[in-house]
Number of protein chains: 4
Amino acid sequence: MTKKSEEKYDKILQAAIQVISEKGYENTSISDIVKSAGIAQGTFYLYFPSKSSLIPAIADHLLTITFEKMKLVVSDQDSFWIVLEKVIRTTFETTEDFKDIIILCYSGLAIEHSMEKWEIIYQPFYQWFEEKINLAIKHQEIIDTIDVKLTTKMIINLMENTAERYFIGKEHDALEEEYQKEIYNFIKRSLSAF
Amino acid sequence: MTKKSEEKYDKILQAAIQVISEKGYENTSISDIVKSAGIAQGTFYLYFPSKSSLIPAIADHLLTITFEKMKLVVSDQDSFWIVLEKVIRTTFETTEDFKDIIILCYSGLAIEHSMEKWEIIYQPFYQWFEEKINLAIKHQEIIDTIDVKLTTKMIINLMENTAERYFIGKEHDALEEEYQKEIYNFIKRSLSAF
Amino acid sequence: MTKKSEEKYDKILQAAIQVISEKGYENTSISDIVKSAGIAQGTFYLYFPSKSSLIPAIADHLLTITFEKMKLVVSDQDSFWIVLEKVIRTTFETTEDFKDIIILCYSGLAIEHSMEKWEIIYQPFYQWFEEKINLAIKHQEIIDTIDVKLTTKMIINLMENTAERYFIGKEHDALEEEYQKEIYNFIKRSLSAF
Amino acid sequence: MTKKSEEKYDKILQAAIQVISEKGYENTSISDIVKSAGIAQGTFYLYFPSKSSLIPAIADHLLTITFEKMKLVVSDQDSFWIVLEKVIRTTFETTEDFKDIIILCYSGLAIEHSMEKWEIIYQPFYQWFEEKINLAIKHQEIIDTIDVKLTTKMIINLMENTAERYFIGKEHDALEEEYQKEIYNFIKRSLSAF
DNA sequence: TATGAATGAGACTTCATTCAT
DNA sequence: AATGAATGAAGTCTCATTCAT
């Protein structure tokens, strides 16, 4: 893909995200998207093979951004517990920022009966966090009797789902910081080596 | 609603669940549903105001079944850790049994931009498990420094999401029993009073 | 099919024939047809599964009319040579009357890569004429050394194609009656028992 | 047209014939053709003014090939009945070889509502065969009471349509040789001077 | 209460053609 | 002469919903 065509791809993707976030996937027509992107109807199909192919593209885009942010705020020098705290906070932040996109990814991936794709898209993030956990085990910050793969995914899902319940499900049983603190404590009690 | 009309309501709902589970919400037409239910096109609208009104009805139906099963397997005499084990197992079982319905609830609720409804539908289940936790605190089986509401939801979501990743996301990093065991241990380490 | 729905089927078919005859198959949209038939867009699809399904229906309709006319003008008392003369004349008449429909059948069946259907549709007409020939053999009006099936089809095609060249191909190397006479003589010389 | 541009014209035409033969005229896009020809989208329009202009070009190409073959197999020394036999056989051969192209010519010419063009394209072939017939009359091989023009066309159409019914319509009431023999006999009985 | 034919808006997608490079 | 990205009109078909019976 040339630089110019990549630009157009991004332009379409951005327009799609914006429109679909507002109106929902099913209520958005290609016509809406191209109008918003300022291109012709047919041009859309030069960059995406179909309407439904937008969803994985959007999901991918979302995780890329999220993951970038994680890597940005977390330093290699941070202890595991600092990392955890930062990851929780960042998860809440990105969930708030991108809640509409998250919703459409849920619906989209569900629509396409392709929940498996989540796993593929999440792979780099899982891997990154797995390494943090392995390091923490090595540094004896956390116990070594866990299944690292499973625990990684449990933690990430715990953070994400709680944040989603808070921002998307509008579940407000406590303040945001208390939510974050409660997750942190829950995990710390479970994994701490001391 | 008379008994007879309730029967027809159920007949339509069952047909809807079956067809939508197979084909997905968007690919299912009212025509498909009424054919499967053996009624006329117009009759559908005597029982449901619209196609989209099926989704909350189905979600409600799903939670009702799940919750019934929970209450059935769990005895009041069970210790909290027995309860937890049973609840985890039952969650995995129902997730496997109803994975198609779960998917359609995800997509459906997302479609309707009404994730909040989940919370309402889940209310009775949350409440029931909250009581179990409060009892466990009282019996000094688990620590008393937690936020009960938040912890309840975290646990339930932890179980459900892991089960969904396993059965729907086809994530198979370990055997099913190991998944269940890992969740159990994770929670136990975090909450156990000893 | 009830009487009323049969009426609507015919109404659509007539509208389709008329519009497609004028504009050609490819240049005709369903929208044109339903407008001409005075029905709603969707109604079309209650009676025909697709646009292309019109073609066999039209072809069938055409042959039905043609065949009816043949049976009407030809009497059981007619000698074979009278029958032949009448069939040639009728072929020319119907070709002139329905030349637009004939064109669309050609294009349509060709488009659908389903030339074989012609044979099926023509079956009753072929059969009827075959019997005439068999009778003529029995009555020793024509020779008995021919392959009846093949000869039947050759004769019918000879008549039809010549008529089509005359009316559709606008080939006017002679007067219409001369064309008819030439076909008649050609066949008579070939088959006459004397 | 320079030699080089003629080559490219042919390349496009060949590609068009091949692709349209496979997929049918309507299902073939210019995009398919240029891909197959290995040229750019816009280049097509340097050699053909429009998609539909391909059809007469293809038809012309088809008849050129067919006619070349006829002239090749038929010798000036052949008696009329030898010529007839050879022409019938060749007609069957080319019909088999080019059945897809024939179909597309039918549909194409019909699409364009320009059946008359057939006559123009066929002109040289008609003329050639007419001369054969005139010669046969002169040599008293066949009777002289026929209309040469009309009879020529009847014979050619008889051969072609029978071959088309056999190879395209998949009408198999007898073996191929029997079909050819039956046509031959039919014509011979009709025209033979003895 | 039940029916099911009719509606008609609107969606996705294709593709012949153009034109700036 | 050649390219190929962009255009945007147009087409087929679906389907939730209505309403006369």
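Just so you know, these numbers come straight off a predicted model, no measurement behind them.
Closest approach to the D/Leu46 side chain among E/dA5, F/dT3, F/dA6 is made by F/dT3 (side chain taken as heavy atoms from C-beta onward). Checking E/dT17, E/dT3, F/dT7 against every side-chain atom of D/Ser50, the shortest atom distance belongs to E/dT17.
With 3.5 Å as the limit, one finds a donor-acceptor pair spanning the side chains of C/Gln18 and C/Glu22. When only modelled atom types and interatomic distance are considered, D/Thr94 and D/Asp97 share no side-chain donor-acceptor pair under 3.5 Å.
With rounding to whole Å, C/Asn27 atom CG is found 18 Å from F/dA9 atom P. Atom NZ of D/Lys35 and atom P of E/dC15 are 10 Å apart (whole Å). In this entry the distance linking OH of C/Tyr47 with P of F/dC13 reads 18 Å, nearest Å. Between the OH atom of A/Tyr9 and the C1' atom of F/dA6 there is a distance of 19 Å, given to the nearest Å. Atom CZ in A/Phe44 sits roughly 16 Å away from atom C1' in F/dA5 (whole-Å rounding). The CD atom of A/Glu6 sits 17 Å away from the C1' atom of F/dA5 (whole-angstrom rounding). Rounded to a whole Å, the CZ atom of D/Phe48 is 13 Å from the P atom of F/dA2. Summarising the geometry, the separation between CD1 on D/Ile33 and P on F/dG4 is reported as 17 Å, rounded to the nearest angstrom.
Checked options A/Ile101, A/Asp100, A/Ile58; the residue passing with A/Ile20 is A/Ile58 (criterion: side-chain contact (heavy atoms from CB on, under 4.5 Å)).
Here C/Ile30 lies in heavy-atom contact (under 4.0 Å) with sugar-phosphate atoms only. The residue C/Thr28 sits close only to the backbone: its heavy atoms come under 4.0 Å of sugar-phosphate atoms, none of a base.
The phosphate of E/dA2 has OP1 or OP2 within less than 4.0 Å of a side-chain N or O from B/Lys8. The shortest distance between the side-chain N/O atoms of D/Thr43 and the OP1/OP2 oxygens of F/dT3 is below 4.0 Å.
Remark on DNA chain F: of its neighbouring residues D/Gly38 and B/Pro49, the 5'-side contact belongs to D/Gly38, judged by nearest-heavy-atom nucleotide. Closest-nucleotide positions on DNA chain E for C/Ala40 and A/Gly42 were compared, and the one nearer the 5' end corresponds to C/Ala40. Map A/Tyr45 and D/Ser31 each onto its nearest nucleotide of DNA chain E; the residue landing nearer the 5' end is A/Tyr45.
Base-pairing analysis of DNA chain F finds the following stems of at least three consecutive Watson-Crick or G-U pairs, with both pairing distances under 3.5 Å: E:2-21 with F:2-21.
Using a 30° and 60° split on the angle between ring planes, A/Trp118 and A/Tyr122 fall in the perpendicular class, above 60°.
Between A/Ile102 and A/Thr95, the shortest heavy-atom distance links the atoms CD1-CA, 3.8 Å.
Residue B/Gln41 places a side-chain atom within donor-acceptor reach of the base of F/dT17, judged by atom type and a 3.5 Å distance cut-off alone.
Panel note: side chain B/Asn27, backbone B/Lys23; a donor-acceptor pair is recorded below 3.5 Å.
For the pair A/Lys11 and A/Tyr47, the cation-pi test (distance below 6.0 Å, angle within 45°) is failed.
Remark: B/Ser29 OG to B/Lys35 NZ distance equals 6.5 Å, nearest 0.5 Å.
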